[in-house]
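Since the structure comes first, as structure tokens, the remarks are kept for the end.
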Amino acid sequence: MSSQPRSIEGVAFSAPQSQALEPLLDALGAVAQPQQCLDQKAAAQRFGNSVGRAEINPFLLGHERIEIIHFPDAPTRHKVDPGPSNTLWFQHVAIVVRDLLKAAERLVPFVTPISAAPQFLPNGVGAWKFRNACGHAMELLFFPDGMGDPRWHESGENLFQGLDHSAIAIADTDRSLRFYVGELGLNLRYASYNNGVEQQRLDDLDAAEVVIHGVGGGTGCGVEFLRYVQPEPIGPSSLDLQPQDALYAQILVKDATLKAGQLLVDPDGHRLWLHP
């Protein structure tokens with residue numbers, strides 16, 4: 001376990017069509033950073049496969065990072081049906097907004113909704129799930145006063161504020177906690193049990209019941225486990241995804257004690273990139 005706190009920086013997504021996400025990122029107000037180009041050796045270290053060169057286009061949204069990855073030398077595999085939210089390769093990134101209805105209206109031209117409409121849960125939290133042009137799942141998230149990280153309630157004019165977490169579908173909560181808390185040294189932040197008509201509409205799943213646990217570093221972005229009780233988790237898992245597949249993702253973890261980056265795989269096949 002690291003002697004210094006690890007922190008979640010954001011998420012990296014593969015994009016076979018490298019320009020497809022530009023309209024959405026522009027609508028989000030994400031700020032482009034300098035492109036990073038990895039040669040074949042560096043790309044193999046980061047992704048664990050021989051995929052040739054990699055082009056990484058980072059964007060900042062608030063204090064968090066979204067990386068769009070493209071492999072110019074690797075053939076694009078056939079597009080696959082991402083399946084429902086209880087599929088074990090499901091992963092989304094949750095973007096916090098000041099006004100859920102206004103934010104959803106702004107993104108509608110660029111995305112395909114998962115949720116029937118923006119939903120407000122009984123505790124006042126609002127959410128809306130959708131898929132972007134490459135098929136990645138994303139979510140808009142609104143916190144009422146007194147809920148969520150205090151930073152989401154600071155004054156400002158930006159509609160899209162930053163990343164709260166990346167949510168991953170899992171098969172076994174105890175097993176995932178052993179990995180993320182016991183091995184990675186992250187902290188358990190919260191736990192909840194969600195069901196009811198709002199959750200069904202949010203996930204587009206009949207009779208949805210989901211056990212949720214959130215983990216993270218001392219502050220900032222986190223990882224959220226989605227353990228579906230009803231309907232039960234189904235395959236395939238993230239292990240079935242290759243880096244050039246559009247649904248491939250990496251959770252970005254900063255660890256200042258490392259001398260070089262490390263690729264890890266969690267118990268359900270979700271990938272993590274640990275780096276100094």
Side-chain angles (χ1 to χ4, degrees), residues 8 11 82-97 100 104 113-131 137-153 163-238 249 251 266-270 272:
I8 308 299
V11 180
S85 299
N86 60 317
T87 308
L88 285 170
W89 66 21
F90 180 88
Q91 179 169 354
H92 81 230
V93 60
I95 301 166
V96 180
V97 298
L100 181 61
I114 296 174
S115 307
Q119 301 296 314
F120 288 90
L121 303 178
N123 62 4
V125 172
W128 182 60
K129 292 182 180 180
F130 57 91
R131 291 192 180 276
M138 307 180 85
E139 178 183 47
L140 298 185
L141 195 56
F142 167 79
F143 289 107
D145 289 342
M147 297 195 68
D149 193 305
R151 65 188 172 126
W152 304 133
H153 302 288
L163 307 184
D164 185 75
H165 64 264
S166 180
I168 54 175
I170 65 166
D172 185 313
T173 299
D174 289 340
R175 186 177 66 176
S176 292
L177 286 172
R178 285 194 295 270
F179 177 82
Y180 282 91
V181 177
E183 296 182 29
L184 280 184
L186 299 178
N187 304 315
L188 177 61
R189 292 178 170 178
Y190 56 86
S192 67
Y193 178 80
N194 288 14
N195 63 353
V197 64
E198 297 88 1
Q199 190 67 40
Q200 296 175 41
R201 292 171 178 168
L202 180 63
D203 290 339
D204 192 26
L205 290 173
D206 292 336
E209 300 178 29
V210 57
V211 175
I212 297 174
H213 287 75
V215 301
T219 59
C221 189
V223 178
E224 186 173 275
F225 307 155
L226 305 177
R227 167 62 173 94
Y228 281 88
V229 178
Q230 170 67 34
E232 293 185 352
I234 59 174
S237 79
S238 291
I251 297 170
D266 82 358
D268 294 290
H270 302 288
L272 301 93

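All values below were derived from every heavy atom in this structure, side-chain atoms included, with hydrogens, water molecules and symmetry-related copies excluded. Worth saying up front: this structure is predicted, and the values here are computed from it rather than measured.
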Would you say that [X] contacts [Y] through its side chain, given a criterion of any heavy-atom pair below 4.5 Å between the two side chains?
| X | Y | value |
| --- | --- | --- |
| Arg131 | Ile114 | yes |
| Val215 | Leu177 | yes |
| Ile170 | Leu226 | no |
| Val210 | Tyr193 | no |

Ignoring hydrogens, what is the shortest heavy-atom contact between [X] and [Y]? Give both atom names and the distance.
| X | Y | answer |
| --- | --- | --- |
| Gly269 | Ser238 | O-CB, 3.1 Å |
| Gly217 | Leu186 | N-CD2, 4.0 Å |
| Glu224 | Tyr190 | OE1-OH, 2.5 Å |
| Ala169 | Ser85 | CB-O, 4.0 Å |
| Ala127 | Leu100 | N-CD2, 3.4 Å |
| Ala208 | Pro231 | CA-CD, 4.4 Å |

Backbone N or O of [Y] within a donor-acceptor pair of the [X] side chain at under 3.5 Å?
| X | Y | value |
| --- | --- | --- |
| Asn187 | Arg189 | no |
| His270 | Ser237 | no |
| Ser176 | Thr173 | no |
| His92 | His165 | no |
| Trp152 | Phe143 | no |
| Glu139 | Ala137 | no |
| Ser115 | Trp128 | no |

- request: Report yes or no: do Gln91 and Ser166 form a side-chain donor-acceptor pair below 3.5 Å?
  value: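 Their side chains do contain a donor-acceptor pair, which is all the 3.5 Å distance test asks for.
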
- prompt: Going by atom types only, do Glu209 and Tyr228 share a side-chain donor-acceptor pair under 3.5 Å?
  reply: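 No - no donor-acceptor pair under 3.5 Å links their side chains.
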
Rounded to the nearest 0.5 Å, what separation is found between the [atom1] atom of [X] and the [atom2] atom of [Y]?
| X | Y | atom1 | atom2 | value |
| --- | --- | --- | --- | --- |
| Ile95 | Leu163 | CD1 | CG | 6.5 Å |
| Glu198 | Asn123 | CD | CG | 9.5 Å |
| Leu141 | Met147 | CG | CE | 9.5 Å |
| Ile8 | Asp164 | CD1 | CG | 12.0 Å |
| Thr219 | Asp149 | OG1 | CG | 7.5 Å |
| Phe90 | Ile234 | CZ | CD1 | 12.0 Å |

- prompt: Does Gln230 have any side-chain hydrogen bond (donor to acceptor under 3.5 Å, both in side chains) partners at least two apart in sequence or in another chain, and if so, which?
  reply: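 With neighbours one apart ignored, the set is empty.
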
message: Using the side-chain hydrogen bond (donor to acceptor under 3.5 Å, both in side chains) criterion, which residues pair with Asn86? Sequence neighbours excluded.
response: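 With sequence neighbours excluded, Asn86 shows a side-chain hydrogen bond (donor to acceptor under 3.5 Å, both in side chains) to no residue whatsoever.
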
field: Plane angle bin for Tyr180 and Phe225 - parallel if under 30°, tilted between 30 and 60°, otherwise perpendicular
entry: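 The rings of Phe225 and Tyr180 sit tilted, inter-plane angle from 30° to 60°.
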
- prompt: Any salt bridge between Asp203 and Lys129, counting N to O under 4.0 Å?
  reply: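 Answer for the salt bridge query: yes.
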
- prompt: What's the verdict on side chain to side chain contact (heavy atoms under 4.5 Å, CB included) for Ile168 and Asp266, showing C-alpha distance, side-chain angles and the deciding distance?
  reply: CA-CA 10 Å; Ile168 54 175; Asp266 82 358; 3.5 Å; yes

task: For atom CG of Asp206, decide whether the heavy atoms of other residues, nucleotides or ligands shown that lie under 6.0 angstrom number more than 12.
output: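 At most 12 heavy atoms, drawn from other residues, nucleotides or ligands, come within 6.0 Å of this atom.
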
Sequence-distant partners of Ala191, side chain to side chain contact (heavy atoms under 4.5 Å, CB included), two or more places apart: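 Side chain to side chain contact (heavy atoms under 4.5 Å, CB included) check on Ala191 returns His213.
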
message: Checking Arg175 against Asp268 for the salt bridge (Lys or Arg N to Asp or Glu O under 4.0 Å) test, could you report, in this order, the C-alpha distance in whole Å, the side-chain angles of both residues, the deciding distance, and whether it holds?
response: CA-CA 9 Å; Arg175 186 177 66 176; Asp268 294 290; 3.0 Å; yes

